[in-house]
Structure formats: structure tokens, C-alpha cells
There are 2 protein chains.
Amino acid sequence: MLNIGDVARQGGVSVETLRYYEQQGLIETPDRDANGYRKYAPEVVRHIQFIKRAQDVGFTLRDIGDLLSLKTDPGASCSDVRDRALGKLSEIEEKIDVLSRMRDVLSTWTNACPSTGPVSACPILDALEARKGPANADR
Amino acid sequence: MLNIGDVARQGGVSVETLRYYEQQGLIETPDRDANGYRKYAPEVVRHIQFIKRAQDVGFTLRDIGDLLSLKTDPGASCSDVRDRALGKLSEIEEKIDVLSRMRDVLSTWTNACPSTGPVSACPILDALEARKGPANADR
DNA sequence: GTAACCCCTGTAGTATACTTTAGGGTCAAG
DNA sequence: CTTGACCCTAAAGTATACTACAGGGGTTAC
Ligand SMILES: [Zn+2]
Ligand SMILES: [Zn+2]
Ligand SMILES: [Zn+2]
Ligand SMILES: [Zn+2]
């Protein structure tokens, strides 16, 4: 049986994070020792790693709670899990699209900037100040 | 001269947002009418659009405050602006990289999931539970 | 003179995933 | 028997960009 500090070290998270996960219902409420200390079975370390891996691919703690419910729901099927993953996949692709558009615009702008001269002549600021299109007068 | 509501409508933001921008120092403190109402020159609408366009390409309000300081700083040069843009560009590329890696992993996992059968046999959950590599036993 | 609509200030709430703080017990070593 | 490391709870703070709320005054038309 492990103390919370042991679990934290082995799981690569802080003690506070563990208490937070418990409060959020992401890990089982551990039994307590006579002194009130939480006592964990070693396998809880894997549960924490489950959470961290899920976060690594973009799931929020709320999503992860969902996933954990599916794991223990006898009526749940593989496709339920797959649906969450596909949903997350589109969220991520959407974010990539938005960021790619930002990247393209910024890239165009930085290429247009001569990097010399006063800010008053900077095409980047011009673009930000401008009406809508990429090139137009300031009135 | 415009009331705050006029500016909000023309700038496509809420009245509250305008007061917030003012509080954050992103727009000039407007003069007040005898009744205490803020009175804006029409050009403030462009300043708001500057802020919104900068947000659209990923700048935070803090970044935008910086950019606005450069605009009015006589000692600032074009390259200062370009540096901010390049910095933002790398931030965005970094985010894209992270998201792309998430996308690849999720895509692999969803392809591996048969979408039928119980969750206990789901390769997605297996992957989340697993030690580190893509394939290994649960102990 | 009153309804409908605008404006004001200051403070608190929203979402996410923690971290920090305050205040206080427990345990092992020397 | 005290020191240092560890554990406990509950509440508040962090970052971002607003939004909402509470409570109150101004303006315009009928
Ligand atoms: Zn497990
Ligand atoms: Zn420039
Ligand atoms: Zn301007
Ligand atoms: Zn599956």
C-alpha cells in the first residue's frame, strides 16, 4: 500500500493533483489509514497514467471521466469509445485548421515586412489597421 | 462623436468589451460628456478592428498592448513589429505540431478500433492503459 | 410622467486544470 | 522530545478574455 506521496512520485504528478483528481471523481476514493492518510493500491499508478495519456492526446478531464465511465459500463461498446476518439479527432483537426490559417497570414505578413525603417511604414501594422483585404489605403 | 453603444455596434463588439479594453489600456481613455457618458471619435472603430484582427491571427490582448506601444514609440522600428510576428508564428507552429501529433495518434487508434464488441477489448482503451509503447500486455 | 432604452461603476462569475495558502495533525530519527 | 518530512482539509489564487449582475442615473417619445 502506498501513501499519496509515493503515488505522486511514481505517477509523475503532484500530491495536490492527486487530491484534485479524487475530488473530480477521476480516481477511486482511497481507503484511509487509522491516521486519516490515504492508502493506495499500486495499480492506481496505472490509472493516473491512463489520465495523463488521455490528456496527451487532447482529452479534457471531463472527457476522461466519460471514458472511465465507459470502461466500467457493461452496456458500453467499443464504438462508444471510438466515437469519443473520433469526436476529439475532429476537434483537433478544427484547431489545426484555425491555427494553420493564422500561420499562413502571419507568414505572409512577416515576409512582406522589410524589417528596416520606422513602424509607420510597417506592412504588418498596415495589414492590422486595414479595412479587410490584404492591401488598401488607410482611408 | 459616438456613444459607446454606437462604437460597439460599428466595431462588432459589446459595450462591456469596450469598457474592458479601456480598462486594459488597449484603447485611449475617451473624454466624457457632461452626463458622464464616454464620447468617442469615429476613428476608435478602426482601433477596435485592429485589436480584433490581431486576435484573429493569434495575438493575445497583452501582445496587442505591446504592438500598440510600438506603434506610438518613435524609437521603434519595423523589425520590432516583425519580431513579435515571428515570435507568434513560432508559437503557432509549435501548437500545430503538438496538435498534429495528437491527431496522428488518435487517427491510428481509431483505425485500430473495430467499433464492435465490448469495451474490454477496445484497442483505444488498451493504448491509454498501456505502459508506453503502442503494443504491450497489461502487466 | 412614465415606459423603453441608453449610460455609469464596481464586483463577481465563467471555463480549465491545477497550484497555493492557511492552519493544523502524524511519524521516524536522533 | 524536538526536528523534518509527510499527511490532512477547505478555500482562494492563477491565466485569459470577457460576461453578468447589482444598483442607480440620463434621455426621448408619447
Ligand atoms: Zn486500470
Ligand atoms: Zn514591418
Ligand atoms: Zn489608428
Ligand atoms: Zn474500440
Side-chain angles (χ1 to χ4, degrees), chain A residues 1-27 29-40 44 47-68 87-88 91-92 94-95 98-99 102, chain B residues 1-27 29-40 44 47-68 88 91-92 95 98-99 102:
Chain A
M1 284 301 183
L2 308 168
N3 276 339
I4 195 167
D6 304 322
V7 177
R9 266 183 297 279
Q10 290 181 36
V13 297
S14 73
V15 169
E16 293 76 24
T17 297
L18 287 177
R19 288 197 277 247
Y20 176 71
Y21 285 172
E22 180 183 335
Q23 182 204 318
Q24 297 301 113
L26 294 172
I27 51 182
T29 309
D31 288 342
R32 299 300 183 105
D33 224 337
N35 52 22
Y37 288 17
R38 292 169 178 80
K39 299 307 276 186
Y40 295 92
V44 80
H47 294 170
I48 287 149
Q49 288 168 347
F50 180 101
I51 294 170
K52 295 192 72 188
R53 274 193 215 95
Q55 283 187 306
D56 284 347
V57 295
F59 289 107
T60 64
L61 293 186
R62 180 180 296 271
D63 296 330
I64 294 168
D66 258 34
L67 247 26
L68 292 171
K88 188 54 61 178
E91 276 179 40
I92 288 172
E94 172 78 37
K95 285 186 187 170
V98 169
L99 289 168
M102 291 179 180
Chain B
M1 285 300 185
L2 307 167
N3 275 340
I4 194 168
D6 304 321
V7 176
R9 266 183 297 279
Q10 290 180 35
V13 296
S14 74
V15 169
E16 292 77 22
T17 298
L18 288 177
R19 288 197 277 246
Y20 176 70
Y21 286 172
E22 180 183 334
Q23 184 203 315
Q24 298 301 115
L26 295 172
I27 49 182
T29 309
D31 289 342
R32 298 301 182 105
D33 222 338
N35 52 21
Y37 288 16
R38 292 168 177 80
K39 300 308 275 184
Y40 295 93
V44 80
H47 294 170
I48 288 149
Q49 288 166 347
F50 180 102
I51 294 170
K52 296 193 70 190
R53 276 194 213 95
Q55 282 185 305
D56 284 347
V57 295
F59 289 107
T60 65
L61 293 187
R62 181 180 297 271
D63 296 330
I64 295 168
D66 258 33
L67 246 25
L68 291 171
K88 188 54 62 176
E91 276 180 39
I92 288 171
K95 285 185 187 170
V98 170
L99 288 168
M102 291 178 179

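Everything numeric in this text was worked out from a predicted model, so none of it was measured.
Atom CD1 of A:I64 and atom NE2 of A:H47 lie 13.5 Å apart (nearest 0.5 Å). Put simply, CD1 on B:I92 and NZ on B:K88 are 6.5 Å apart, with the number rounded to the nearest 0.5 Å.
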Nucleotide N/O of nucleotides 3-5 of chain C paired with protein N/O under 3.5 Å:
none

Query - Where protein sits on nucleotides 6-21 of chain D, one letter per nucleotide: B base, S sugar-phosphate only, - none, heavy atoms under 4.0 Å - result: BSSB------SBBS--
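Side chain of B:D33 to backbone of B:N35: no donor-acceptor contact under 3.5 angstrom is found. Side chain of B:K52 to backbone of B:V13: no donor-acceptor contact under 3.5 angstrom is found. A distance-only check finds a donor-acceptor pair linking the side chain of A:D63 to the backbone of A:T60 [under 3.5 Å].
In this structure, B:L68 and B:F50 have side chains that are in contact, with non-hydrogen atoms separated by less than 4.5 Å.
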Show me the side-chain donor-acceptor pairs of residues 16-25 of chain B shorter than 3.5 Å, one per line, residues at least two apart or across chains.
unit_1 : atom_1 : unit_2 : atom_2 : d
B:E16  : OE1    : B:S14  : OG     : 3.4
B:T17  : OG1    : B:S14  : OG     : 2.8
B:E22  : OE1    : B:R38  : NE     : 2.7

